[in-house]
Amino acid sequence: MSSKIRVRFAPSPTGYLHVGGARTALYDYLYAKRFGGEFILRVEDTDQERSTEESMKMQLQDLKWLGLNWDEGVIIKDSDADPAMLTDSEFSEIGEYGPYRQSQRLEIYKKYADQLLESGRAYYCFLTDEEIDAQREQARRENRPPQVNSPYKNMSIDEAKAKLAAGEKAVVRFKTEGLKKDYIIEDLIRGEVKFPSDMVGDFVLLRSNGMPVYNFCCAIDDALMKMTHVLRAEEHLSNTLRQMMIYEALGFDLPKFGHLSIILGPDKQKLSKRHGATSCNEYREKGYLPEAILNYIAMLGWSHPEGKEILSKQELIDNFSLERVNPASAVFDEVKLKWVNASHLRALDHKTLWSLTEPFLKQEGLELPEDPEWQDRSLEVFKTSMETLKDAVDLYKPISSAHFEISEEAKDALSWESTKAVIEAWKQGVSAQPNEFMSQEDFEALQNQVKDTAGVKGKHLFMPIRVAVIGKPHGAELKMLVPLMAKSELLARADRVLAKI
RNA sequence: GUUCCCAUCGUCUAGAGGCCUAGGACGUCGCCCUUUCACGGCGAAGACACGAGUUCAAAUCUCGUUGGGAACGCCA
């Protein structure tokens, strides 16, 4: 009997979702979907100091924006709500293995901690921070691994409980003494990895305030939630040893593990804020498409069997396999991300592309025609110059009626003797146009006409016209811009320039 | 320090002992298209970290060296 594949992504809600997390989530998702399994979202929020519901909401929204839809776990009830304005009731859950927020599973962890305490696999430890620090420092001096050696490991439960009752604080530690020599995992990505069991000391299960700690929750939840595969970042590789010890002590079945390499910055250090944009949300704001981000991060460590590089989410699902995941870490390259984004962008139909671009334009206060036919035509012109949605802002700005101004650089051209005649001839010609919008040919014909009427050529012809159109003597090609500008707009601009002379 | 992981062009990668004179992509450079640009097309430069082994044969297997990374928390 082969049970259904269950894979989870388990973020901790401390800040935004960053690209490394997004890639882990992606691989989790792709693996589940490729083999008809389930993708589960669990929230690891046992660190009360750092976890916030606002972060949790942002992460869920980012995941949703990326299109990494989960089958089970925490969900946001009203996805349009402002993350700053939240209440507990805004979250809900789907799935039968909940709760999916670790902060709401505290009794479960407590129960298993008690079980371990009863069976002698864990003990109360009354060591103070100072004592632990001293031990670690000494271990370091003696070139030993900095592990704690607790004098309380063999204290009876009754004795410990008495101390507790007297108000002393204690953590619950897992007892590593007496375990087998080596633990071996058959890592899905790295092959056999062997850990000596003395690699770790007695580690904390429950903090002195009763809150459980990551490794403990993770092992219990993965077991209870029936995960079949645990795909996560390489930094967890050595945690696997502790988790295996917990699985063993509790008699749980082990899932299969796979450890993904780490994403690096250009300096080969783990990608972090100091490398610039690292959160998905920042890329969203910079005008990147979710499918492009998925496509790019998928290729950081995985390759298509035929070497195809531009892939849709469905193509990613159809071709994903762990065998093609590279164990070596990869450097995040925003330049290539841009290229992937541009490729996806240009493949979009104009209606969709406009609807995605428009918010960026509006955000900058650009005033552009509402006519869909015009929008389509404008994208035909600008699309090949856009790598991100946001690039549209600079492209459209010169033709936005709200942004026309006569720049300082235009002064020189405006001072030429012939300029007034040129612009007047231009204005005349524009008002004589039969249609609201000129074609490229109309514009070229008109330009020649102005040349004849005003009797000038070269820069004395082109620059004044350009100033009359965009207020600057330099910039994008007029034959592309002018056909996108209404006659009335062109006339208004020419008048404003004329008034300056 | 200890343990673990990793190592092909600047970057992402292909490569499962002979198909490798090491392939593709981004970037770079050049040419073409285009009366500018962009898009597109064509082309060039550019890598198996090093050293030993195993083998008739090694980018590929083994060991070592070097380099990089991660973990060693009452963070996850």
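Remember, it's a predicted structure, so these values are computed and weren't measured experimentally. Below, chains carry the letters A, B, ... as their sequence lines are ordered, and counting in each starts from 1.
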Check: A:K270 side chain, B:rA70 base, donor-acceptor under 3.5 Å: no
Closest listed nucleotide, where the reference is the side chain of A:V335 and the choices are B:rG27, B:rC5, B:rA14: B:rG27
Identity of whatever pairs with B:rA52 - Watson-Crick or G-U, under 3.5 angstrom: B:rU62
Heavy-atom donor-acceptor pair, A:E364 side chain to A:L361 backbone, under 3.5 Å: no
Sugar-phosphate only, base, or nothing, as touched by A:V171 at under 4.0 Å among non-hydrogen atoms: base
Pairwise C1' distance for B:rA14 and B:rA47, with rounding to whole Å: 13 Å
P atoms of B:rA44 and B:rC6, separation to the nearest Å: 36 Å
Sugar-phosphate, base or nothing in reach of A:R141, heavy atoms under 4.0 Å: nothing
B:rC4 base / A:S238 side chain donor-acceptor hit below 3.5 Å: no
Whether A:F332 and A:Y283 hold their rings parallel, tilted or perpendicular, with breakpoints at 30° and 60°: tilted
Polar pair under 3.5 Å, donor/acceptor by atom type, side chain A:N239, base B:rA71: no
Rounded distance in Å between the C1' positions of B:rG17 and B:rU60: 7 Å
